Number of protein chains: 2
Amino acid sequence: MYEERLDKARERVIETISQNMNLYGITPSVGRLYGLLYFQAVPMTLDEMKEELGMSKTSMSTSVRNLLELKMVEKVWRKGSRKDQYQAEEDWHQTFVDLFTTKWRPSISMNISAIEKSLKEINLLLEEENAPEEVLAAAREDVTKLHEALNYYDWLGRLVNSFETGEIYQLVPKERNS
Amino acid sequence: MYEERLDKARERVIETISQNMNLYGITPSVGRLYGLLYFQAVPMTLDEMKEELGMSKTSMSTSVRNLLELKMVEKVWRKGSRKDQYQAEEDWHQTFVDLFTTKWRPSISMNISAIEKSLKEINLLLEEENAPEEVLAAAREDVTKLHEALNYYDWLGRLVNSFETGEIYQLVPKERNS
DNA sequence: TAGTTTGTACAGTAAAAACTGTACGAACTG
DNA sequence: CAGTTCGTACAGTTTTTACTGTACAAACTA
């Protein structure tokens with residue numbers, strides 16, 4: 001009775017988290033698992049999760065792997081049980097930072113290399129004598145755009161750095177200072 | 001021949017953009033459309049997009065709507081054509097900011113209200129005389145967690161503000177200053 | 001050693017999302 | 001006014017993604 005009231009209050013938050021977690025590239029059911037772990041005082045085993053969420057153990061295994069990759073969950077050891085135990089990372093600031101470093105940074109690199117490669121090709125093209133002026137004009141515009149894009153990704157990389165080093169908290173402090 | 005070389009260089013960048021755009025919650029084909037528009041010197045009509053990407057006009061219509069909602073594309077007017085014309089937002093810094101304000105901010109609000117509602121319920125529960133100590137202990141832990149969560153979302157909201165106001169560029173300047 | 005238990009790979013199924021074609025309202029044209 | 005053209009709602013289809021059950025390797029137990 002009292003317990004159910006607490007559960008209901010938890011449920012609401014878990015459900016909201018799980019629905020909004022798509023911004024992190026996380027599906028609702030993985031989000032729900034994270035929410036469950038977040039409110040759990042003690043680490044959980046795959047079987048307990050399976051039991052609690054009414055899903056297959058296989059799903060729990062892959063969901064947990066997802067969360068581990070994002071560092072939103074960690075494997076912990078607890079004596080007695082032979083089973084793996086998992087608990088949620090509770091520091092959401094840290095989670096936010098990890099999200100950017102694990103998901104955004106690789107993407108930044110990929111974009112930069114693609115742009116640089118194409119820039120080289122276009123610059124080569126621009127030196128061609130017989131290329132029609134029409135194409136050359138387009139190529140010149142592309143060069144401008146690609147430089148701007150490069151500049152953006154450089155900025156984004158520096159932004160992620162400021163998350164990772166914690167510099168961001170100078171501008172936006174963790175605790176409201178008013 | 002020369003044109004094909006330029007196209008190939010563009011294609012690479014477009015493909016990379018479209019693949020990495022899932023971080024923005026954008027599907028590859030919508031990303032490809034954005035890439036196409038980005039390199040296009042003049043605004044395009046739905047029919048031109050359809051032609052270029054070999055997809056249905058319906059898809060173009062919904063994809064463009066997606067991009068409009070994210071402010072990654074804008075509708076422009078051009079005399080002569082009766083058709084709607086669309087062009088890509090070229091300032092990616094702005095796009096980044098818009099992404100956070102349109103997608104993250106609503107999510108922040110939702111989370112905050114859910115947490116506040118649940119906090120109230122739990123605080124009510126904590127005043128119950130006959131509630132078992134076990135439940136009360138869990139409830140007290142939850143209150144702590146929810147306050148931390150609230151603090152995180154407050155921080156996230158202030159971070160988004162710093163994007164929107166441009167304050168972020170004080171900490172991470174657009175142009176590398178070395 | 002043989003017998004459990006645990007986690008996950010893999011193949012198959014169920015659910016969700018993306019995409020298409022048709023149909024139609026609204027806005028133009030003559 | 002009838003006749004086009006344009007964009008999109010909607011239903012149906014295809015493709016993708018999520019999830020499950022089986023099977024098996026690795027690690028433990030007696």
Side-chain angles (χ1 to χ4, degrees), chain A residues 14-15 17-37 42-70 72-88 103, chain B residues 14-15 17-37 42-70 72-88 103:
Chain A
I14 292 177
E15 201 51 35
I17 289 175
S18 93
Q19 277 175 31
N20 286 285
M21 210 95 105
N22 56 57
L23 298 179
Y24 290 64
I26 287 174
T27 61
S29 55
V30 176
R32 204 164 298 115
L33 175 61
Y34 175 80
L36 174 65
L37 288 168
V42 292
M44 290 183 91
T45 66
L46 293 180
D47 285 307
E48 287 163 350
M49 300 172 200
K50 162 195 153 132
E51 188 61 29
E52 195 72 30
L53 295 179
M55 290 178 73
S56 71
K57 197 173 174 181
T58 306
S59 286
M60 295 304 96
S61 177
T62 56
S63 295
V64 163
R65 179 164 45 199
N66 266 315
L67 292 169
L68 282 171
E69 277 162 11
L70 290 171
M72 294 182 65
V73 150
E74 55 179 359
K75 194 194 269 198
V76 294
W77 182 85
R78 225 173 29 145
K79 82 171 177 186
S81 175
R82 238 164 82 192
K83 305 183 182 185
D84 295 351
Q85 312 263 128
Y86 301 94
Q87 74 183 11
K103 291 206 133 178
Chain B
I14 292 176
E15 202 51 36
I17 289 174
S18 92
Q19 277 175 30
N20 286 284
M21 209 93 103
N22 56 57
L23 297 180
Y24 289 64
I26 287 174
T27 61
S29 57
V30 175
R32 204 164 299 115
L33 174 61
Y34 175 80
L36 175 65
L37 288 169
V42 292
M44 290 184 91
T45 67
L46 292 180
D47 284 307
E48 287 163 350
M49 300 172 200
K50 162 194 151 128
E51 189 61 30
E52 195 72 30
L53 296 179
M55 289 176 74
S56 71
K57 197 173 176 182
T58 306
S59 286
M60 296 302 98
S61 177
T62 57
S63 295
V64 163
R65 179 165 43 200
N66 266 315
L67 292 169
L68 282 172
E69 278 163 10
L70 290 172
M72 294 182 65
V73 150
E74 56 180 357
K75 194 193 268 195
V76 294
W77 181 85
R78 225 173 27 147
K79 81 171 178 188
S81 175
R82 241 165 79 192
K83 305 183 183 185
D84 296 350
Q85 311 264 128
Y86 300 94
Q87 74 184 11
K103 291 207 133 179

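Keep in mind it's a predicted model, so treat the numbers as computed, not measured.
- Considering all non-hydrogen atoms of both residues, A:Ser18 and A:Pro28 come closest at CB-O, 3.4 Å.
- When every heavy atom of B:Leu36 is checked against every heavy atom of B:Glu52, the shortest pair comes out as CD1-CG, 3.5 Å.
- Of all heavy-atom pairs between B:Gln85 and B:Arg78, the closest is NE2-NH2, 2.8 Å.
- A straight line from CD of B:Gln19 to P of D:dT16 spans 14 Å, rounded to a whole angstrom.
- Atom CG of A:Asn22 is separated from atom P of D:dT17 by 16 Å (rounded to the nearest Å).
- Between B:Tyr86 and B:Leu37 the shortest heavy-atom distance is O-CD2, 3.8 Å.
- Note: CE (A:Met21) to C1' (D:dA18) measures 17 Å, nearest angstrom.
- When the shell of 6.0 Å around CD of A:Glu69 is examined, it contains more than 12 heavy atoms from other residues, nucleotides or ligands.
- Residue A:Leu23 comes nearest to B:Lys103 through the heavy atom pair CD1-O, 3.7 Å, listed as atom of the first residue, atom of the second, then distance.
- Within 6.0 Å of CD on A:Glu74 lie more than 12 heavy atoms contributed by other residues, nucleotides or ligands.
- The nearest whole Å value for the distance from the CD atom in B:Gln85 to the C1' atom in D:dT5 is 15 Å.
- Rounded to whole angstrom, the span from the NZ atom of B:Lys83 across to the P atom of D:dT4 amounts to 17 Å.
- Taking atom CZ of A:Arg65 as the reference point, atom P of C:dG7 lies 13 Å away to the nearest angstrom.
- Summarising the geometry, the separation between CH2 on A:Trp77 and C1' on C:dT6 is reported as 17 Å, rounded to the nearest angstrom.
- Considering B:Arg32, B:Lys50, B:Met60 as possible partners of B:Met55, the one that fulfils the side chain to side chain contact (heavy atoms under 4.5 Å, CB included) test is B:Met60.
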What does the list of N/O pairs under 3.5 Å between the protein and nucleotides 16-21 of chain C look like, with a distance for each?
from	atom 1	to	atom 2	distance (Å)
C:dC19	OP1	B:Ser29	OG	2.7
C:dC19	OP2	B:Ser29	OG	2.8
C:dT20	OP2	B:Ser56	N	3.0
C:dT20	OP2	B:Ser56	OG	2.9
C:dT20	OP2	B:Ser59	OG	2.7
C:dG21	N7	B:Thr58	OG1	3.4
C:dG21	O6	B:Thr58	OG1	3.0

Pairwise N/O distances under 3.5 Å, protein to nucleotides 25-30 of chain D:
none

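- Residues A:Leu68 and A:Val73 come closest through the heavy atom pair CD2-O, 3.1 Å.
- With rounding to whole Å, A:Leu46 atom CG is found 9 Å from C:dT6 atom C1'.
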